[in-house]
Amino acid sequence: MMIDVPETLEDWNARGSAYLPGHMALKFTEVGPMQVRAEVEIKKSHLSWNGFLHAGTVVTLADTCCGYGTVAALPEGSNGFTTVDLTSNFLGSVQDGKVVCTAKPLHTGRSTQVWDATVSSAAGKKMANFRCTQLILWPR
């Protein structure tokens, strides 16, 4: 089964609308094999009970950016990927406003991809660094 890669930003946003990215209201503003950008406007559902941004919101934003980038950079003939490792380093938090993420590939090989992402407040306050390793899947 070959993966159907979305072509436009509208297609990328629509593809995730019925899944976790849509449920969390992630909005992708750039998707390509060399860079992905997305944002989310913080709602109560993105917060932890203490009123600060839930770590899962940050990880989901970063992981989804890296995943969309992986899809955009898949080698010809591959049929998908799966995450084999991810690491998050949290540097700060917010309670409201917009959070933005930029993801870029560190390595795009035939068997693995490694992506780095930075999550920040809209005002530019760096909140987290994220890195994941993706295993490229091939038809059997």
Side-chain angles (χ1 to χ4, degrees):
M1 176 180 101
M2 298 301 289
I3 193 163
D4 179 28
V5 179
E7 294 183 21
T8 67
L9 273 178
E10 182 178 271
D11 294 339
W12 283 101
N13 282 298
R15 182 67 55 90
S17 65
Y19 301 95
L20 186 59
H23 177 71
M24 293 192 59
L26 305 185
K27 180 183 177 194
F28 287 82
T29 58
E30 179 181 352
V31 178
M34 298 307 293
Q35 182 165 281
V36 177
R37 291 179 189 253
E39 58 190 34
V40 62
E41 188 72 37
I42 301 303
K43 299 182 287 189
K44 186 174 183 177
S45 61
H46 295 117
L47 304 175
S48 183
W49 59 265
N50 66 1
F52 286 94
L53 188 62
H54 195 287
T57 300
V58 175
V59 170
T60 298
L61 176 61
D63 185 55
T64 306
C65 284
C66 293
Y68 281 23
T70 299
V71 169
L74 282 173
E76 188 173 332
S78 63
N79 63 348
F81 75 96
T82 189
T83 302
V84 294
D85 184 63
L86 60 83
T87 302
S88 298
N89 301 110
F90 296 94
L91 310 170
S93 189
V94 295
Q95 295 176 296
D96 55 24
K98 190 179 287 185
V99 175
V100 297
C101 180
T102 301
K104 296 181 179 186
L106 182 65
H107 165 76
T108 55
R110 182 167 164 75
S111 59
T112 60
Q113 291 188 23
V114 178
W115 281 75
D116 285 336
T118 301
V119 179
S120 304
S121 70
K125 175 184 172 186
K126 194 173 191 180
M127 297 169 40
N129 289 321
F130 178 91
R131 176 172 284 176
C132 64
T133 302
Q134 316 287 33
L135 178 68
I136 306 303
L137 303 175
W138 293 91
R140 292 182 180 213

### Query
Looking at residues at least two apart in the chain, or sitting in another chain, which of them share a side chain to side chain donor-acceptor pair (under 3.5 Å) with Asp85?
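Asp85: no side chain to side chain donor-acceptor pair (under 3.5 Å) contacts found.
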
### Task
Name all residues meeting the side chain to side chain donor-acceptor pair (under 3.5 Å) criterion together with Asp96; count only those two or more places apart in sequence or in a different chain, and write none if there are none.
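Asp96: no side chain to side chain donor-acceptor pair (under 3.5 Å) contacts found.
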
For [X] versus [Y], what's the shortest heavy-atom pair and its separation?
{"X": "Val40", "Y": "Ala25", "answer": "CG2-O, 3.8 Å"}
{"X": "Pro75", "Y": "Gly109", "answer": "CG-O, 3.8 Å"}
{"X": "Cys66", "Y": "Cys132", "answer": "CB-SG, 3.4 Å"}
{"X": "Ala128", "Y": "Phe90", "answer": "CB-CD2, 4.1 Å"}
{"X": "Ala62", "Y": "Val119", "answer": "CB-CG2, 4.0 Å"}

For residues [X] and [Y], determine if any side-chain heavy atom of one lies less than 4.5 Å from a side-chain heavy atom of the other.
{"X": "Arg15", "Y": "Asp4", "answer": "yes"}
{"X": "Thr64", "Y": "Leu20", "answer": "no"}
{"X": "Trp115", "Y": "Leu86", "answer": "no"}
{"X": "His46", "Y": "Leu53", "answer": "yes"}
{"X": "Val31", "Y": "Pro6", "answer": "no"}
{"X": "Val58", "Y": "Phe130", "answer": "no"}
{"X": "His54", "Y": "Leu47", "answer": "no"}
{"X": "Gln35", "Y": "Thr102", "answer": "yes"}

Atom [atom1] in [X], atom [atom2] in [Y]: separation rounded to 0.5 Å?
{"X": "Asp63", "Y": "Ser88", "atom1": "CG", "atom2": "OG", "answer": "8.5 Å"}
{"X": "Arg37", "Y": "Cys101", "atom1": "CZ", "atom2": "SG", "answer": "10.0 Å"}
{"X": "Thr118", "Y": "Met127", "atom1": "OG1", "atom2": "CE", "answer": "11.5 Å"}
{"X": "Leu137", "Y": "Ile3", "atom1": "CG", "atom2": "CD1", "answer": "9.0 Å"}
{"X": "Ser121", "Y": "Gln95", "atom1": "OG", "atom2": "CD", "answer": "12.5 Å"}

### Task
Please check if Phe28 and Met24 belong to a single hydrophobic cluster, counting links between Ile, Leu, Val, Met, Phe, Trp and Tyr side chain heavy atoms closer than 4.5 Å.
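Yes, one cluster joins them.
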
### Message
Quick check: is Val100 connected to Met34 through a chain of hydrophobic side chains (ILVMFWY, heavy atoms under 4.5 Å apart)?
### Response
no

#### Entry: Working for side-chain contact (heavy atoms from CB on, under 4.5 Å), residues Asn89 and Thr87
CA-CA 7 Å; Asn89 301 110; Thr87 302; 4.3 Å; yes

#### Entry: Residue His107 excluded, over 12 heavy atoms near NE2 under 6.0 Å
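More than 12 heavy atoms, drawn from other residues, nucleotides or ligands, come within 6.0 Å of this atom.
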
#### Entry: More than 12 heavy atoms of other groups within 6.0 Å of Phe52 CZ
no

### Task
Take Tyr68 and Val5 through the side-chain contact (heavy atoms from CB on, under 4.5 Å) test and state the conclusion after the steps.
CA-CA 9 Å; Tyr68 281 23; Val5 179; over 6 Å; no

With no hydrogens and no angle check, is any side-chain donor or acceptor of [X] less than 3.5 Å from a backbone partner on [Y]?
{"X": "Lys125", "Y": "Ser93", "result": "yes"}
{"X": "Asn13", "Y": "Lys27", "result": "no"}
{"X": "Trp138", "Y": "Arg110", "result": "yes"}

### Query
Hey, is Lys104 close enough to Asp116 for a salt bridge, meaning N to O under 4.0 Å?
no

### Query
Which residues, ordered by chain and number, are linked to Leu106 in its hydrophobic cluster, where ILVMFWY side chains connect at heavy-atom gaps below 4.5 Å, directly or through other members?
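Under the 4.5 Å side-chain rule, Leu106 groups with Val114.
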
### Message
We want to know whether Asp11 and Thr8 form a side-chain donor-acceptor pair, criterion being a heavy-atom distance below 3.5 angstrom.
### Response
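Thr8 and Asp11 do have a side-chain donor-acceptor pair below 3.5 Å.
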
### Query
Hey, which of Thr108, Thr112, Thr83 is the one that makes side chain to side chain donor-acceptor pair (under 3.5 Å) with Gln134?
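Of all the options given, the one that passes is Thr83.
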
